[in-house]
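For reference, the structure is listed below as structure tokens.
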Amino acid sequence: MTTTATRAGGATPAFPPIWLRDNCPCERCRDPRNGQKLFGITDLPADLTVRDTEATADTITVTFGPDGHRGVFSRAWLEAHLSTSDGDGRTEAAKQLWQARDLEGRLPAADWAAYRDDPAERARVLRAVRDLGFAVLHGTPTEEETVLAIARTFGYPRETNYGTLFDVRVEANPGNLAFTGMRIAPHTDNPYRDPVPTLQLLHCLANAAEGGDSGLVDGFTAASLLRADDEAAFRILTTTLVPFAWSDASTSLRADRPLIDVDPAGHLREVRFNNRSMQALRLDPAATTAFYAAYRRFAEIIARPELLLTFRLEPGDCLVFDNTRLLHARTAFAESGARHLQGCYADLDALASALRTLEETA
Ligand SMILES: [Zn+2]
């Protein structure tokens, strides 16, 4: 038996009794102080029915069988749940995919003081990170550790074996190519972690070197182009677990994940792309050959000039970007020139939470 919440003049969609009961808003079902459910699924009768419904202009009261339990539902709430969900905002379904020409000369950016002091401006910046994958703050203090203070405006720095922050500058004995003046091709960071850091911040303290410009590629755009061009290659990259690893004397990190992660509906959710830390695959020869062909096709798309958005970080600029979606890059620079960035990792869930809170109180 099903019940109906009628839409004026519309169809009469059915809510199954178990769904209604699981969402019953009464005080015995939900703690009114926090809205949390007070029961588990096996506490509900297996043979639930809707015995009766009574409608008013604003509510529908449901009486359940076999136990006679009653719950009063808001019609507005029921109607808001008629359509399928657009999800939690993490997949391509909620994103604005871009190529370089879409954003050249109009990067999503804000002045630090306005961001710090104006909730509407802060919401605009956080929305850009959510929807476009990044934003730039100008005019932040050029003092060390400022990057951590910026991360704390919307979330929490994620401490790793690199510390709570890392310095990106030329080192005499570099443990990572980032700490040289070499060109760094577009990549995502730390694919050898599970979970991967979902956000990265890069704060520029000095950039007097010739070169050393920054670049971003929308990995979702690249993956969607691959899907359109070569669906078989796309499928290989969504289904092949690729081993990534990083180690030094005190650390040995490893995660096996696909280069392109999709949700059960097939929507792009995460991209990993970092040849520096990819380890030897252990697949049968045919699968290995097919993987490499697909990987090359994806890499060729990522390398298309029209996908690479380039810009220069000046002292006081802080780039905040989605490390599960955007690939970042750097042009080569003279190691004699002063270039110093400080970076940290943080996470998208806290940023999305900060944004929702700002939007709900606006
Ligand atoms: Zn109830």
Side-chain angles (χ1 to χ4, degrees), residues 97-109 128-129 132-137 147 162 166-171 174-192 196-207 209-226 237 244 246 259-260 268 270-278 295-314 317-335 337 339-345:
L97 275 54
W98 52 264
Q99 302 198 15
R101 65 167 180 266
D102 302 320
L103 297 173
E104 256 152 16
R106 44 198 166 99
L107 299 186
V129 177
L132 296 168
F134 75 106
V136 179
L137 291 169
V147 70
Y162 300 136
F166 47 89
D167 288 282
V168 184
R169 61 184 160 194
V170 172
E171 289 181 1
N176 189 303
L177 292 178
F179 311 139
T180 70
M182 286 173 67
R183 168 184 178 266
I184 305 283
H187 66 283
T188 63
D189 263 24
N190 292 198
Y192 41 78
V196 74
T198 51
L199 277 179
Q200 181 170 176
L201 287 79
L202 285 171
H203 177 236
C204 181
L205 293 166
N207 197 4
E210 182 81 12
D213 290 353
S214 299
L216 292 172
V217 172
D218 185 348
F220 281 9
T221 298
S224 68
L225 289 169
L226 178 68
L237 297 191
F244 291 100
W246 188 89
L259 297 190
I260 302 172
L268 298 167
E270 295 192 347
V271 166
R272 284 172 193 75
F273 193 85
N274 192 324
N275 205 42
R276 282 177 286 152
S277 54
M278 193 190 290
Y295 179 30
R296 178 181 293 270
R297 292 212 65 165
F298 190 34
E300 285 167 351
I301 293 169
I302 286 169
R304 289 181 190 168
E306 65 267 28
L307 263 60
L308 180 65
L309 178 69
T310 56
F311 52 95
R312 188 170 180 82
L313 288 178
E314 301 293 349
D317 286 348
C318 184
L319 171 65
V320 182
F321 64 94
D322 179 345
N323 185 54
T324 65
R325 170 181 171 192
L326 300 196
L327 291 74
H328 60 291
R330 178 188 80 202
T331 61
F333 64 95
E335 296 197 359
R339 186 178 190 274
H340 183 193
L341 307 183
Q342 281 191 325
C344 75
Y345 298 117

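We're numbering straight along the sequence, starting at 1. Scope of the values below: all heavy atoms of this structure, side chains included, with no hydrogens, waters or symmetry mates.
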Between [atom1] of [X] and [atom2] of [Y], what distance do you get to the nearest 0.5 Å?
X	Y	atom1	atom2	result
Leu259	Ile302	CG	CD1	8.5 Å
Phe244	Asn275	CZ	CG	8.5 Å
Phe298	Leu225	CZ	CG	9.5 Å
His203	Leu205	NE2	CG	5.5 Å
Arg169	Phe179	CZ	CZ	10.0 Å
Leu237	Tyr295	CG	OH	9.5 Å

Looking only at heavy atoms, what is the nearest atom pair of [X] and [Y], with distance?
X	Y	result
Leu307	Ile301	CD2-O, 3.5 Å
Ala128	Ala135	CB-CB, 4.2 Å
Leu97	Ser224	CD2-OG, 3.7 Å
Ala100	Leu309	O-CD1, 3.7 Å
Leu313	Leu202	CD1-O, 4.4 Å
Val196	Asn190	CG2-O, 3.2 Å

- Message: Let's go through Val136 and Cys318 carefully: what are the C-alpha distance in whole Å and the side-chain angles of both, what is the deciding distance for side-chain contact (heavy atoms from CB on, under 4.5 Å) to 0.1 Å, and is it a yes or a no?
- Response: CA-CA 6 Å; Val136 179; Cys318 184; over 6 Å; no
- Sequence-distant partners of Thr180, side-chain contact (heavy atoms from CB on, under 4.5 Å), two or more places apart: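 Expected list: Pro174, Met182, Arg330, Glu335.
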Going by the rule side chain to side chain donor-acceptor pair (under 3.5 Å), which residues pair with [X] if we only count those two or more places apart in sequence or in a different chain?
X	result
Arg304	Asp229
Gln342	Glu144, Asp167
Arg297	Asp230
Thr324	Arg90, Asp322

- Geometric class of the His187/His328 ring pair [parallel <30°, tilted 30-60°, perpendicular >60°]: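 Because their plane-to-plane angle lies in the 30° to 60° range, the rings of His328 and His187 count as tilted.
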- Message: Taking atom CD as the centre, does Glu300 end up with more than 12 heavy-atom neighbours from other residues, nucleotides or ligands that are less than 6.0 angstrom away?
- Response: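 Yes, the 6.0 Å shell around CD holds more than 12 heavy atoms from other groups.
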- Message: For Arg106, is there an ion pair with Glu104 - N to carboxylate O distance below 4.0 angstrom?
- Response: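 Not counted as a salt bridge, because no side-chain N and carboxylate O are separated by less than 4.0 Å.
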- Query: Does Phe273 reach the side chain of Ile260, with side-chain heavy atoms less than 4.5 Å apart?
  - Reply: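 Phe273 does not reach Ile260 side chain to side chain.
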All N/O donor-acceptor pairs, side-chain side in residues 212-223, below 3.5 Å, sequence neighbours left out:
| from | atom 1 | to | atom 2 | distance (Å) |
| --- | --- | --- | --- | --- |
| Asp213 | OD1 | Arg312 | NH1 | 2.5 |
| Asp218 | OD1 | Phe220 | N | 2.9 |
| Asp218 | OD1 | Thr221 | N | 3.4 |
| Asp218 | OD1 | Arg325 | NE | 3.0 |
| Asp218 | OD2 | Trp98 | N | 3.0 |
| Asp218 | OD2 | Thr221 | OG1 | 3.0 |
| Asp218 | OD2 | Arg325 | NH2 | 2.7 |
| Thr221 | OG1 | Trp98 | N | 3.2 |
| Thr221 | OG1 | Trp98 | O | 2.8 |

- Passes side-chain contact (heavy atoms from CB on, under 4.5 Å), Phe321 versus Leu199? Steps please. CA-CA 6 Å; Phe321 64 94; Leu199 277 179; over 6 Å; no
- Worked verdict on Tyr345 versus Asn323 for side chain to side chain donor-acceptor pair (under 3.5 Å): CA-CA 9 Å; Tyr345 298 117; Asn323 185 54; over 6 Å; no
- Intermediate values then yes/no, side-chain contact (heavy atoms from CB on, under 4.5 Å), Phe134 and Leu319: CA-CA 7 Å; Phe134 75 106; Leu319 171 65; 3.9 Å; yes
